[in-house]
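Worksheet: one structure, shown below.
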Amino acid sequence: MSKRQLAMVMDLNKCIGCQTCTVACKTQWTNRNGREYMYWNNVETYPGDGYPKKWMELGGGFDAAGDLQPGIVPNIESDYGVPWDYNYDSLAEQNLIAGGMTPGLHPDTTPTWGPNWDEDQGDGDFPNDNYFFYLPRICNHCSNPGCLSACPRDAIFKREEDGVVLVDLDRCQGYRYCIAGCPYKKIYFNPKISKSEKCILCFPRIEQGLPPACAQQCVGRIRFVGFLDDEESQVYKLVHKYKVALPLRPDYGTQPNVYYVPPTEAPPKFDSEGKIIEGSNRIPIEELEKLFGPAVHDAIKTIKAEKEKRKKTGESELMDILIAYQHSDMFRLDNHYYQEVAKAKGMKPLAPVDERYIQGKHTKISHFKVHS
Amino acid sequence: MKKIVQISAALSLAASALLAETVLAVKVDTDLSGFKCKDEAVKLAKFTEVALYPQTTIKLNDKKANELNSANKAKRVQVAALYDGKNIALILRWPDKTRTVQQGYKSDVYGDGFAVQFATKFDEPEKLPYIGMGSDGRPVVIYLQKAVAKVYEPNADGVVGYQVNPHNTNRFGEDLEKFEKRVEQLAIRDYQKAFVSEGFRSMTEIKDKSAKYSADMHYVDAKKMWGGAVVRPLKDEYANLDKGAIPVALAVWDGEKLQRDGQKYLSGWIAVKLVGKTGGNRLAEVVNEKAKGDVAKGKELSMQNCASCHKFPGSSAPEYMAPDLSNIGGQATAAYIRESIVDPNAVVVPGYNRNSHPNFQWYMTDDKGNRTSTMPPFDYLDKQSIEDIVAFMQTLKAEVEK
Ligand code: SF4
Ligand code: SF4
């Protein structure tokens with residue numbers, strides 16, 4: 001078990017679905033070499049089938065007794081959607097020769113699914129009670145990771161120093177039990193190198209005191225990052241002090257370390273006359289309960305009460321935190337801490353503390369003469 | 001007089017039964033180092049039929065694969081061996097109705113494949129390594145070949161951290177051009193690996209080129225069969241196989257049934273006799289031994305002593321309580337079963353991950369990090385009872401596919 005745990009809180013009231021986070025992550029980590037279809041960070045519209053398609057129905061995670069549940073490995077074509085490209089080259093040529101063909105930009109395959117395929121569809125009756133909200137998802141760096149439990153090769157590990165869950169790419173032989181075991185389907189198979197890859201919580205940035213790229217780039221400033229045992233961190237306050245940030249699908253039993261402030265600020269419903277139904281909320285509470293468990297009721301109560309308090313007294317620490325004035329307050333990543341870890345390991349302070357990601361955790365300690 | 005004749009007839013029967021399960025490695029004059037399973041030299045090989053049983057010891061969590069494999073029978077595989085004084089070649093032929101190849105753009109397709117496993121130490125054949133992948137202090141070396149499609153892949157050289165964005169020509173310019181050329185050179189990827197292993201989760205790929213070997217497989221459409229071969233030196237730093245007989249184990253994977261890793265067909269230890277070399281009889285005896293116990297009594301004893309934890313037909317054990325013994329008779333030697341009953345710590349099968357099923361821990365870890373089995377030793381049972389149990393356990397195996 002990790003000694004410390006890094007966590008992220010995402011305030012769903014503020015996510016505008018702009019996908020800046022997705023792009024920040026994608027351009028940094030997963031743009032090619034078999035990673036084309038991987039979205040370590042994706043933002044899906046809820047309700048919706050999400051990415052991969054119907055991920056909540058694909059199994060994995062643990063039952064109430066703590067036993068790992070079987071799951072399904074999604075298919076690139078039907079469940080993720082083949083990443084398509086456009087006919088840029090032929091377009092350019094056509095423009096030059098101005099020939100008979102109809103110029104136009106079209107995909108090079110016929111797409112059938114993709115990340116955020118059901119963008120902004122939502123549910124309900126327009127305009128009476130329709131609704132949706134955005135749900136950004138990354139690997140939860142779970143305390144009891146389903147992916148890790150499922151791996152028969154011990155290729156997945158949780159770092160002692162911050163609880164980041166990584167795939168040891170040297171040990172991974174591409175069996176894909178981890179994908180079946182993760183109920184969030186947040187670990188992906190790279191078919192070109194036959195290994196699993198996943199969100200690394202930008203550990204090379206974190207070790208330098210920088211937040212993950214998705215969090216830093218987020219225009220909605222919805223993401224807070226810090227250590228769960230650091231009482232000064234806003235993450236600690238949102239999760240432990242105010243208890244307004246909750247894990248997604250806690251019923252999966254993986255103990256996620258990405259927390260969500262549930263969406264409370266949906267507009268009211270209209271009646272048949274088109275008038276506002278006072279006190280109504282478009283987002284059905286059952287949906288929120290399904291996503292965040294029964295604790296969502298108290299979380300919503302707290303948020304509403306603090307909002308009222310702010311209106312009346314002008315003061316509320318919780319509201320101040322959620323407004324997210326300063327990046328420096330939102331992210332508390334003590335890079336001294338990592339420098340100390342590096343020093344203790346006798347490593348250069350600038351190198352990533354963890355080289356196992358590419359080198360292999362066990363290869364070096366094997367009894368056999370096998371070098372990395 | 002009549003009696004003596006009968007006895008000697010029985011003896012010679014026993015001897016031929018022994019031989020039938022022993023593979024004869026034929027000595028050849030040609031150099032085998034570049035041997036492929038299609039080569040002419042195959043004609044010199046003597047094929048022996050061996051049954052490979054579905055591996056059921058542990059259960060993995062792929063829902064579809066578990067459904068597809070739930071009714072698996074044992075598979076007949078033909079095995080032969082050749083040696084040239086320096087190298088030994090193991091040749092396999094096995095039926096597979098569907099040719100399945102792992103592709104570079106699919107996430108849920110698994111290639112057919114096979115593996116050959118050699119024990120590193122086998123002077124004491126009663127203590128051969130755990131058949132799955134060796135065990136503590138009883139290492140194995142494994143050669144694996146999988147059917148893969150050739151992929152245009154810059155990471156074919158195993159450098160997984162390598163990534164260049166081809167659209168970023170400003171940044172990379174000439175470097176990018178060089179890079180693309182290199183990618184082209186590296187594009188052909190074969191899935192061929194050698195591993196060393198001392199038990200579950202210790203299996204480690206040999207990447208430093210210290211293991212010289214070659215492997216290949218090809219599909220014969222007309223017969224719906226795979227052929228495969230592994231060639232390795234008789235002697236290297238991992239094992240010395242230059243002996244009268246050596247223990248070998250085989251595995252095949254059927255990609256169509258989403259098989260990979262533990263989901264596979266696996267033989268028990270097979271004795272491969274190097275024709276022309278002396279010794280090795282003891283090994284052949286041990287791996288082919290049929291325990292002289294009373295099966296019916298053994299069944300009764302097993303129901304009393306084993307069935308509350310281990311799964312096998314008739315037992316009531318919950319799924320993850322302990323290793324599933326349904327195919328133990330197809331995969332373990334009598335000596336191994338005997339040893340496991342009286343000394344469960346000799347070989348600990350740890351389960352695939354102790355986090356997966358925390359309710360049933362298969363082992364404990366002592367202060368020194370040694371794994372000790374949670375199974376108590378049944379060393380208080382008398383010798384005959386143990387033999388009876390072993391005899392019964394040896395009958396536990398799936399039916400062989402027609
Ligand atoms: S979200 Fe999935 S991939 Fe990430 S740690 Fe949890 S189980 Fe593993
Ligand atoms: S960048 Fe922020 S606001 Fe935009 S989609 Fe991502 S999480 Fe939501």
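Sequence lines set the chain letters: A, B, ... in the order given, protein chains first and strands last, and positions in each chain run from 1.
Most heavy-atom pairs under 4.5 Å with chain A, from the set B/K64, B/Q102, B/Q103: that is B/Q102. Options B/M133, B/K59, B/E319, B/K193 differ in how many heavy-atom pairs under 4.5 Å they form with chain A, and the most are formed by B/K193. Among A/P145, A/A65, A/G181, the residue with the largest count of heavy-atom pairs under 4.5 Å with chain B is A/A65. Between chain A and the options B/A65, B/S107, B/G104, heavy-atom pairs under 4.5 Å are most frequent for B/S107. Counting heavy-atom pairs under 4.5 Å between each of A/Y175, A/Y37, A/F62, A/Y80 and chain B puts A/Y175 at the top. The most heavy-atom pairs under 4.5 Å with chain B, out of A/G59, A/G66, A/G146, come from A/G66. Interface check for chain B: of the options A/P70, A/G60, A/S149, the most heavy-atom pairs under 4.5 Å are formed by A/S149.
For chain A, no part of B/V148 is nearby; none of its heavy atoms comes within less than 4.5 Å. For chain B, no part of A/Y188 is nearby; none of its heavy atoms comes within less than 4.5 Å. Of the atoms belonging to A/L58, not a single heavy atom falls under 4.5 Å from chain B. Residue B/K209 does not touch chain A at all, counting heavy-atom pairs closer than 4.5 Å. With a 4.5 Å cut-off on non-hydrogen atoms, A/P74 touches chain B through its backbone but not through its side chain.
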- prompt: Step by step, would you call A/Q69 with A/D63 a side chain to side chain donor-acceptor pair (under 3.5 Å)?
  reply: CA-CA 7 Å; A/Q69 297 302 293; A/D63 65 7; 3.2 Å; yes
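Side chains of B/Y191 and A/Q173: a donor on one and an acceptor on the other come within 3.5 Å. Under the 3.5 Å distance criterion, with hydrogens and angles disregarded, no donor-acceptor pair is assigned to the side chains of A/Q255 and A/N144. Looking at A/K26 and A/Q19, their side chains never bring a donor and an acceptor atom within 3.5 Å of each other.
Salt-bridge annotation for B/K106 and A/E77: present, with a side-chain N of the basic residue lying under 4.0 Å from a carboxylate O of the acidic one. The existence of a salt bridge linking A/K185 and A/D79 is excluded, since no basic side-chain nitrogen approaches an acidic carboxylate oxygen closer than 4.0 Å.
None of A/K54, A/R137, A/K53 except one satisfies the salt bridge (Lys or Arg N to Asp or Glu O under 4.0 Å) rule with A/E44; the exception is A/R137.
Relative to the ring axis of B/Y143, B/R232 does not place its NZ or CZ within 45° and under 6.0 Å from the centre.
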